[in-house]
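A quick write-up on the structure given underneath.
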Amino acid sequence: MRPTSSQDFLAAFNAASYEEAQALLKPCVDIPRWVSEISFARPFATPAELLSFAELAAPDWTEAEIDGALAHHPRIGEKAAGSGSEARMSRSEQAGVSTAADVQERLLAGNRAYEERFGRVFLIRAAGRSAEEILAALSERLDNTPEDELEVTAAQLREIAILRLEGLLTP
């Protein structure tokens, strides 16, 4: 049964077993430490309290945690395969990215350059951004040092996780 309000999701999340709570959070970002900290901190009195805690949970994600989470993210401009929650969320987030051939070619070239430079997929919160904004950010981030880029990637991953959690709280 899909919750019909943020309070319904929150009540279900608070009442779930630890393992069920983790399964509810995992599509937001597959970083076990983040999922575990939030699940362990239950119950939350309000959706805002849950979101606030989630924003602060596990602030120091490691490179290994980030790389593990990125293993589930498609390249920007590619549609996520599968029917799971994470794939549906990804497709929704990238719905605004243009499918025009020239944009797709530029994204493909940018993704390749990024992966060659940093050894991981380019990640950006695509929701609310145009293809041109994404391409500009991709070009700009190619100039980052690997250390700086890891911080930017972690921040983008957090934004995505919180947006996805907000989506769960807003059926």
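A quick note: this is a predicted structure, and the numbers were derived from the prediction, not measured. We use all heavy atoms of the structure for the numbers below, so side chains are in, but hydrogens, waters and symmetry mates are not.
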What pairs with Phe40 under ring-ring contact (aromatic ring centres under 6.0 Å, His included), at least two apart in sequence or on another chain?
none
Measuring from Leu108:CG to Arg112:CZ, what's the distance to the nearest 0.5 Å?
4.0 Å
Are any non-hydrogen side-chain atoms of Glu166 and Leu51 less than 4.5 angstrom apart?
yes
Can you see which heavy atom on Leu165 is nearest to which on Cys28, and at what distance?
N-SG, 3.6 Å
Hey, any chance Ile31 and Phe53 share a hydrophobic cluster, counting ILVMFWY side chains that come within less than 4.5 Å of each other, even indirectly?
yes
Measuring only between side-chain heavy atoms, which start at C-beta, is Leu25 closer than 4.5 Å to Glu37?
no
Which pair of non-hydrogen atoms, one from Ala16 and one from Ala21, has the smallest distance, and what is that distance?
CB-N, 3.8 Å
Side-chain donor/acceptor of Arg106 to backbone N/O of Ala131, under 3.5 Å
no
Closest approach of Ala57 to Trp34 (non-hydrogen atoms, all atoms of both residues):
O-CD1, 3.4 Å
With distance as the sole test, does Asn14 use its side chain to make a donor-acceptor pair with the main-chain N or O of Arg42 at under 3.5 Å?
no
The test is side chain to side chain contact (heavy atoms under 4.5 Å, CB included); show your working for Arg120 and Asp67 and say whether it passes.
CA-CA 7 Å; Arg120 65 178 57 91; Asp67 287 340; 2.7 Å; yes
Restricting to non-hydrogen atoms, name the atom on Pro146 and the atom on Arg117 that form the minimum distance, rounded to 0.1 Å.
CD-NH2, 4.3 Å
How far does CD1 of Ile134 sit from OG of Ser139, to the nearest 0.5 angstrom?
13.5 Å
What donor-acceptor contacts under 3.5 angstrom involve side-chain atoms of residues 151-158, with partners at least two apart or in another chain?
from	atom 1	to	atom 2	distance (Å)
Thr153	OG1	Tyr114	OH	3.4
Thr153	OG1	Arg141	NH2	3.4
Thr153	OG1	Glu149	O	2.9
Thr153	OG1	Glu149	OE2	3.3
Gln156	OE1	Arg125	N	2.7
Gln156	OE1	Arg129	NH1	3.2
Arg158	NH1	Ala154	O	3.4
Arg158	NH2	Pro59	O	2.2

If we check side chain to side chain contact (heavy atoms under 4.5 Å, CB included) with Glu147, which of these qualifies: Thr145, Leu150, Asn144?
Thr145
Note: Lys26-Glu19 ion pair, threshold 4.0 Å (strictly below):
no
Where do Arg33 and Thr62 come nearest, in terms of heavy atoms and distance?
NH2-N, 4.1 Å
Cut-off 3.5 Å, side chains only: do Glu49 and Thr46 have a donor facing an acceptor?
no
Should Leu50 and Ile38 be marked as a side chain to side chain contact (heavy atoms under 4.5 Å, CB included) after you check the CA-CA gap, both sets of side-chain angles, and the distance that decides it?
CA-CA 8 Å; Leu50 169 57; Ile38 298 168; 3.6 Å; yes
I'd like to check Pro32 versus Asp30 (side-chain heavy atoms, cut-off strictly below 4.5 Å). Are they in contact?
yes
For the residue pair Ile160 and Ile124, what are the closest heavy atoms and their distance?
CD1-O, 3.9 Å
Do Phe13 and Leu168 have side chains that get closer than 4.5 Å, going by heavy atoms?
no
